[in-house]
Amino acid sequence: MNSLIWLHEDALRYDHPVFDKAGENSHTCYIWDADYLQSMDYGFKRLCFIYEAVCDLPVTIYSGNTVDVLGKLVSVKQATQLLVPTTPNPRLGSIITKLSEKMQVHTVEDIAFVKTKSNADIRRFFRYWNKTKKLAMQIDGKNA
Amino acid sequence: MTSDNNSGQSINRVKYKTQNMKILENQFENRLELVSYVSSLVNWLDDANPSPVIGNKQAAKDKLNAIEPKQYVRTRNFLDGKVTYLSPYIRHGMLTLNQVRNHALNKCESPEQIEKFIQELAWRDYWQRIYQSRPDYIWHDVEPYKTGYNATDYADDLPDDIARGETGVACIDQFIHTLLDTGYMHNHTRMYVAAYTVHWRRIKWQAGARWFLHHLLDADPASNNLSWQWVASTFSNKPYIFNLENVRKYAHDEINTGAADNQVLDASYETLTAQLFPNKTQ
Ligand SMILES: Cc1cc2nc3c(=O)[nH]c(=O)nc-3n(C[C@H](O)[C@H](O)[C@H](O)COP(=O)(O)OP(=O)(O)OC[C@H]3O[C@@H](n4cnc5c(N)ncnc54)[C@H](O)[C@@H]3O)c2cc1C
C-alpha cells in the first residue's frame, strides 16, 4: 500500500508511530504553508527552529497551501492513504477534516505519557495527578 | 490516436502538477545560510534573528543526556537551577514525555526521588488533555476572575512598554528581554511576567498569552494559555502574585533586584494584595 505521511509541527521526528502504519512504499512530506504560518503569528525564532528541525529529517519540504499540496501529492505519488500524527491543534484538525473529504486519511496517536483510558477529572491538576501518579512514575507509564 | 493524445495530456498534467509544487531547500552549508533562507521565506516578519537554541535531533539528544532530575527537584525554582531546556523539543514532538520520563527514571535509584520532575512533565500531559477535550478553554475564561474585578475591567491590548521590555521595572524588563532575545524563559520568570501583566497592569490574560505565543520557541496554546489563566485566576482558585523578596530569593546576580529599580514589587504580600485587589472580599 502506498502511503503518504504528512509530518506537521507537532510531530517532527522520524520514529513517530505513524511510520509503523506505513508500508514500504511511503513518501514523507512537510508543508511550509506560508498563509497558515502567518495566521498562527509565529515569530521568526520559532519558524527558524521548526525549519531547522524539518531539515534534519529525511522528508521533502513542499511550499504551498496544505490541502492543495497534499491533494496533488496523493495523486502524483499514487498514494492510497494519507497518514497524519494526531494533533490537538484545531486549525490542523480542520485541514485534516477537509482532506478526509477527498482521500483516505488516518490519524495516528503518539506514544502516551500514561497508558490509561480513563478520562481523569481534569478540572484541577491535582485531581488528575492523584489518579495518574502511580502509572506516571513507572517506565512507559504502565504497570510492569 | 485519441487515446495517445489523452495519455499525453495526462502525463503533461502530472508533470505540471509536480512542477507546480514548489520544493524547498533542506540542505545548507551552515546555520547562517539556513537562517537567511528562512528569512527569505517569511517576508511578512521584520525580525531575522534566530534563537541560539538549535532545532535538530542532536541538540535534543544532548539536552536529554544532560538532564539531572535529582538536582532538578531541589533547584528548579531558581532561575539558574537545573532545569532541562527541553520544552521546544517536547513541544514539536522531537522528544516525547514518555522518553524524557524513562530517561529520568534510569538516572535515579527510585522514582520517588524525582517525583517533582515527573509531576512537571505531567503538567504538560494535563494541559494537552484539556486542549483535546475542551479546545474552547484555550481562549475563553474558564471561570470568572477571583480578583474582585470583572473581565471587562481588564484592558484588551498589551501596552508597547511591556511588549518591548521597557516597563521601568528592572527585573521584569530583563525577563522580557530574555524572551525577545532567545525565545526561552524559565518557568518562574514566565509566572512573574504574566502576573505583572495581568495584576499590576490589569491587562487581559489573552493579550499576554498571544504575545508569549509569538515569541516562545516552545509556544503551545495549551501550556501557555492555561498557565496564563492559572496566573490570572480564571483557571485557579486565586490570583498568583509575587514580590521583590521572592524574586531576590530565586534570581541570580545578573538580575537587578534593587528596590529603587523595582519599586512596585517591593512590598509584603499583604500590602500588595490590598493594593492590587482592593475589591476582593476574601
Ligand atoms: C505564563 C506561562 C506560560 C507558559 N507557556 C508555555 C508554553 O508555551 N509552552 C510550554 O511548553 N510550556 C509553557 N509553560 C510551562 C513552563 O514554564 C515551561 O514548560 C518550562 O519553563 C520550559 O522550560 P524547561 O524545558 O527548562 O522546563 P523544565 O522545568 O525542565 O521541565 C521539563 C519539561 O516539563 C514540562 N513542563 C514543566 N513545567 C511545566 C508547566 N508548568 N506546564 C506545562 N509543562 C511543563 C515541559 O515540557 C518542560 O520542557 C508556561 C508557563 C507559564 C507560567
Side-chain angles (χ1 to χ4, degrees), chain A residues 7-14 16 30 32 34 37-38 40-57 59-64 68-69 72-73 75-76 85-86 88-90 93 110-114 119-120 122 124-125 128-129 132-133 136-141, chain B residues 14 17-18 20-28 31 34-35 38-39 41-42 44-45 47-51 53-57 88 92-98 101-102 105 111-112 115 118-119 121-123 125-126 128-133 135 182-183 210 213-217 219 221-222:
Chain A
L7 283 193
H8 51 65
E9 68 202 35
D10 289 351
L12 299 180
R13 73 177 201 282
Y14 217 61
H16 188 284
Y30 174 84
W32 183 266
L37 295 170
Q38 197 171 354
M40 295 300 282
D41 192 31
Y42 292 161
F44 184 74
K45 289 178 175 57
R46 171 92 183 278
L47 291 173
C48 235
F49 182 90
I50 292 176
Y51 204 87
E52 205 168 16
V54 175
C55 287
D56 202 34
L57 297 170
V59 302
T60 312
I61 311 175
Y62 296 90
S63 160
D68 292 350
V69 173
K72 284 175 191 169
L73 270 179
S75 93
V76 171
T86 304
N89 177 339
D110 205 343
I111 297 159
F113 176 60
V114 273
N119 239 342
I122 53 171
R124 287 290 185 262
F125 173 77
Y128 151 86
W129 177 244
T132 52
K133 179 176 154 182
M137 301 274 283
Q138 303 190 45
I139 293 277
D140 284 339
Chain B
V14 171
K17 278 179 183 166
T18 319
N20 204 23
M21 281 185 295
K22 194 172 165 206
I23 294 178
L24 301 183
E25 294 291 332
N26 62 1
Q27 291 198 339
F28 301 92
R31 193 167 192 239
L34 178 141
V35 170
V38 176
S39 93
L41 298 175
V42 294
W44 64 88
L45 288 173
D47 182 23
N49 294 312
S51 165
V53 179
I54 310 280
N56 64 29
K57 199 175 160 189
H92 295 101
M94 298 164 77
L95 294 171
T96 62
L97 291 175
N98 184 53
R101 183 253 327 276
N102 290 355
L105 284 173
E112 288 71 30
E115 176 171 338
I118 296 178
Q119 192 183 87
L121 297 176
W123 269 103
D125 186 55
Y126 170 69
Q128 291 298 305
R129 281 167 189 254
I130 295 180
Y131 195 11
Q132 285 274 7
S133 61
T182 68
R210 219 173 289 121
L213 285 179
H214 178 78
H215 291 287
L216 284 170
L217 288 185

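To find a chain, count down the sequence lines: A is the first, B the second, and so on, and within it residues start at 1. Values below: every heavy atom of this structure, side chains too, minus hydrogens, waters and symmetry copies.
- Among A/Glu9, A/Met137, A/Met40, the residue with the largest count of heavy-atom pairs under 4.5 Å with chain B is A/Met137.
- When side chains are defined from C-beta on, B/Gln128 counts as touching A/Pro88, because their heavy atoms get closer than 4.5 Å.
- Of the possible polar contacts, none joining the B/His92 side chain to the A/Asp10 backbone as a donor-acceptor pair under 3.5 Å is found.
- Listed here is the closest heavy atom pair of B/Arg101 and A/Gly141: NH2-N, 3.1 Å.
- With sequence neighbours excluded, the residues satisfying side chain to side chain donor-acceptor pair (under 3.5 Å) with B/Glu115 are A/Lys133.
- By the 4.5 Å heavy-atom criterion applied to side chains, B/Val42 and A/Trp32 are counted as neighbours.
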**Q.** Steps toward side chain to side chain contact (heavy atoms under 4.5 Å, CB included) verdict (A/Leu37, B/Leu41)
**A.** CA-CA 11 Å; A/Leu37 295 170; B/Leu41 298 175; over 6 Å; no

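- Across every non-hydrogen atom of B/Val35 and A/Cys48, the tightest pair is CG2-SG, 3.9 Å.
- The shortest distance between side-chain heavy atoms of A/Arg46 and B/Leu216 does not fall below 4.5 Å.
- B/Thr96 touches chain A through its side chain: at least one heavy atom from C-beta onward sits under 4.5 Å away, while N, CA, C and O do not.
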Q: Go through the steps for A/Phe125 and B/Trp123 under the test ring pair (Phe, Tyr, Trp, His ring centres under 6.0 Å), then give the verdict.
A: CA-CA 7 Å; A/Phe125 173 77; B/Trp123 269 103; 3.9 Å; yes

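- We find that A/Lys45 and B/Asp47 are joined by a salt bridge, their nearest charged nitrogen and carboxylate oxygen being less than 4.0 Å apart.
- B/Asn26 and A/Tyr51 are not linked by any side-chain donor-acceptor pair at a separation below 3.5 angstrom, with hydrogens and angles left out of the test.
- When side chains are defined from C-beta on, B/Gln119 counts as touching A/Trp129, because their heavy atoms get closer than 4.5 Å.
- For chain B, the nearby part of A/Asp110 is the side chain; its heavy atoms alone come within less than 4.5 Å.
- For the ring pair (Phe, Tyr, Trp, His ring centres under 6.0 Å) test, no residue two or more places apart in sequence or in another chain qualifies with A/His16.
- Contact check for B/Pro221 versus A/Asn89: no side-chain heavy atoms found under the 4.5 Å cut-off.
- B/Met94 is listed as a side-chain neighbour of A/Phe49, based on a closest heavy-atom distance under 4.5 Å.
- Without hydrogens or angle criteria, B/Asn102 side chain to A/Ile139 main chain gives no donor-acceptor distance under 3.5 Å.
- Between B/Val38 and A/Phe44, some side-chain heavy-atom pair lies under the 4.5 Å cut-off.
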